[in-house]
Amino acid sequence: GEDQATWGRRWKMLFASVTGYAMDGLDMLILSFVMTAILKEFNLSFAQGGLIATYTLIGAVAGGYIFGIMADYWGRVKIFSATIILFSIFTGLCAFATSVNELNIYRFLAGLGLGGEFGIGMTLVAETWPAEKRARATAGVAMGWQLGVVLAALVAAFVMPMWGWRGAFLVGVLPALFAVWSRVGIAESDIWVNRNAFKKYMKKRID
């Protein structure tokens, strides 16, 4: 539709997805900015430090697949919110890691949420925006990552000097507040709702 309410939903969905991508970029880039301090505190080699980032990426790949399937069954917005909460909590827990093994576990679990949000956010926009404006809308979502890079640089510049690398990870908890807003303020896409209703109808007829 072209009514005001429909466009309001579309813009809210776009804003939520852009913000989600920004939080993804923030989460990933914070690790890069604080890596030197982590290597020093835990007396790690560069190879061991690289594994921390690798565990994050492995989690992101797995999360994209797992949560993508879950979103098809239980709804985009519900799983979208869950993934943001997941990577926010475990990014925050990185600040309390007492060993590199503990940090690796937290980074892997944060990566699960990050990967899940990455795919679902784009899907939400693609399913709600009209075809003739979909390219610019999805391009806007992708720009959220660059915003996250800028935010990570600001965190490194202003938070790390005062609270160290652990304080920088604590900033990652903030997206959980956004997840609460996104769950309350955004409805499921009509495409998912209609398809889910059709599946239930067909299952009922078969039974």
Side-chain angles (χ1 to χ4, degrees), residues 1-29 56-91 108-149 151-152 172 174-203:
E2 297 298 322
D3 57 282
Q4 186 175 356
T6 299
W7 275 103
R9 287 179 57 203
R10 287 169 179 161
W11 281 107
K12 181 172 286 189
M13 195 76 75
L14 179 62
F15 176 77
S17 298
V18 169
T19 306
Y21 264 52
M23 295 303 101
D24 284 353
L26 172 65
D27 181 86
M28 286 295 294
L29 270 295
T56 306
L57 294 174
I58 293 173
V61 172
Y65 182 75
I66 294 169
F67 288 111
I69 294 174
M70 293 174 66
D72 283 339
Y73 283 96
W74 292 300
R76 318 296 196 207
V77 175
K78 185 183 298 184
I79 303 302
F80 179 74
S81 301
T83 58
I84 294 176
I85 292 173
L86 181 66
F87 85 71
S88 297
I89 289 174
F90 285 103
T91 296
F108 172 78
L109 294 172
L112 285 175
L114 188 153
E117 189 281 327
F118 201 78
I120 298 171
M122 191 66 78
T123 301
L124 282 168
V125 172
E127 289 185 343
T128 53
W129 279 69
E132 65 272 13
K133 294 182 174 64
R134 194 169 297 148
R136 70 187 72 175
T138 53
V141 175
M143 288 174 60
W145 181 274
Q146 310 308 321
L147 176 60
V149 173
L151 291 174
L174 296 178
L177 300 177
F178 162 75
V180 175
W181 171 85
S182 68
R183 181 68 186 95
V184 174
I186 300 178
E188 292 290 351
S189 68
D190 292 338
I191 290 177
W192 184 87
V193 171
N194 293 335
R195 188 182 65 178
N196 195 51
F198 179 73
K199 286 168 63 177
K200 289 180 178 179
Y201 169 75
M202 292 303 296
K203 184 177 185 301

Sidechain-backbone polar pair: Trp145 side chain, Asp24 backbone, donor-acceptor under 3.5 Å: no
Donor-acceptor pair, side chain of Arg10 and main chain of Thr128, under 3.5 angstrom: yes
Interatomic distance, Met70 atom CE to Thr83 atom OG1 [nearest 0.5 angstrom]: 9.5 Å
Heavy-atom closest pair, residues Ala137 and Trp129: CB-CD2, 3.7 Å
Distance (rounded to the nearest 0.5 Å) between Phe90 CZ and Asp27 CG: 12.5 Å
From Arg9 atom CZ to Leu124 atom CG, the distance as rounded to the nearest 0.5 Å: 10.5 Å
CD (Glu132) with more than 12 external heavy atoms under 6.0 Å: yes
Over all atoms of both residues, closest heavy-atom pair of Ala152 and Leu29: CB-CB, 3.5 Å
Exercise: identify the closest heavy-atom pair between Gly119 and Thr123: O-OG1, 2.9 Å
Gap separating the CG atom of Leu112 from the OG1 atom of Thr56, nearest 0.5 angstrom: 10.0 Å
Heavy-atom closest pair, residues Ser17 and Gly121: OG-O, 2.8 Å
Between CG on residue Leu114 and CG on residue Leu109, distance to nearest 0.5 Å: 12.5 Å
Parallel, tilted or perpendicular: rings of Phe118 and Tyr21 (30°, 60°): parallel
Stepwise side chain to side chain contact (heavy atoms under 4.5 Å, CB included) test for Leu86 and Glu117: CA-CA 10 Å; Leu86 181 66; Glu117 189 281 327; over 6 Å; no
From CE (Met23) to CG (Leu151), nearest 0.5 Å: 5.5 Å
Audit row: Thr138, Met122, side chain to side chain contact (heavy atoms under 4.5 Å, CB included) steps and yes/no: CA-CA 6 Å; Thr138 53; Met122 191 66 78; 3.4 Å; yes
Residue pair Arg76 / Ile120: nearest heavy atoms and the distance that separates them: O-CG2, 3.5 Å
Atom of Asp72, atom of Arg195 and distance for their closest heavy-atom approach: OD1-NH2, 3.5 Å
